[in-house]
Amino acid sequence: MEFLVATAIGAMTAAGLYLVLRARTFPVVLGLSLLTYAVNLFLFATGRLAVNRPPVIGAAATAYVDPLPQALVLTAIVISFGMTAVIVVMALRAYLETGNDHVDLPGDADPEARVDDWKQRPRRAAGGERR
């Protein structure tokens, strides 16, 4: 079971890093989400994976699981949700301002980028006319 969890953590981390290094905003957001899931699973696995053991010490319990990693994961889930919301809003604002969703500077390093991608779109005035 530990090997399966360690493999899942490694696969999510590798996929998350790959997506974070992409040149568009949507894969970067997905990559950050995958990285947070991998960290949450890692934190949960630090509490020793055990089946049918309670997380709270009771009179009838012969063994128990450490509840601290579970509390840390619950906190990390809330923080990662807030972080994802902020990143999505920032990416949306950048897209609306520039008219593209590139996360890097224009240049020869990115074969997908064209000079036209980096020009700002003209904004519409309040009456619907272009400035």
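The first residue of the sequence shown is numbered 1, and numbering continues consecutively from there.
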My understanding is that only residues two or more places apart in sequence, or in another chain, count here; which of them pass side chain to side chain contact (heavy atoms under 4.5 Å, CB included) with Thr46? Phe42, Pro69

Nearest heavy-atom approach of Met12 to Leu41 is CE-CD2, 3.7 Å

What distance do Asp101 atom CG and Arg22 atom CZ have between them, rounded to the nearest 0.5 Å? 12.0 Å

Nearest 0.5 Å please: distance from the CD1 atom of Ile9 over to the CG atom of Asn40. 10.0 Å

So, for Thr84 and Val29, which heavy atoms are closest and what is the spacing to 0.1 Å? CG2-CG1, 4.2 Å

Shared hydrophobic cluster, Phe26 / Leu21 (ILVMFWY, side-chain heavy atoms < 4.5 Å): no

State, to 0.1 Å, how close Phe44 and Val73 come at their nearest heavy-atom pair, and which atoms those are. N-CG2, 3.6 Å

Indicate the atoms forming the closest heavy-atom contact of Met83 with Thr36, along with that distance. CE-CG2, 3.7 Å

List, by chain and then residue number, the residues other than Val86 in its hydrophobic cluster (Ile/Leu/Val/Met/Phe/Trp/Tyr, side-chain heavy atoms under 4.5 Å); write none if there are no others. Met90

For Leu19 and Gly31, which heavy atoms make the closest approach, and how far apart are they? CB-CA, 3.6 Å

Partners of Leu74 by side chain to side chain contact (heavy atoms under 4.5 Å, CB included), sequence neighbours excluded? none

Transitively linked via ILVMFWY side-chain contacts under 4.5 Å: Val5 with Leu34? yes

Who passes side chain to side chain contact (heavy atoms under 4.5 Å, CB included) against Leu17, sequence neighbours left out? Thr13, Leu35

For Val39, side chain to side chain contact (heavy atoms under 4.5 Å, CB included) partners two or more places apart: Leu43

Which distance, rounded to the nearest 0.5 Å, do you find between the CD1 of Ile87 and the CG of Leu92? 13.5 Å

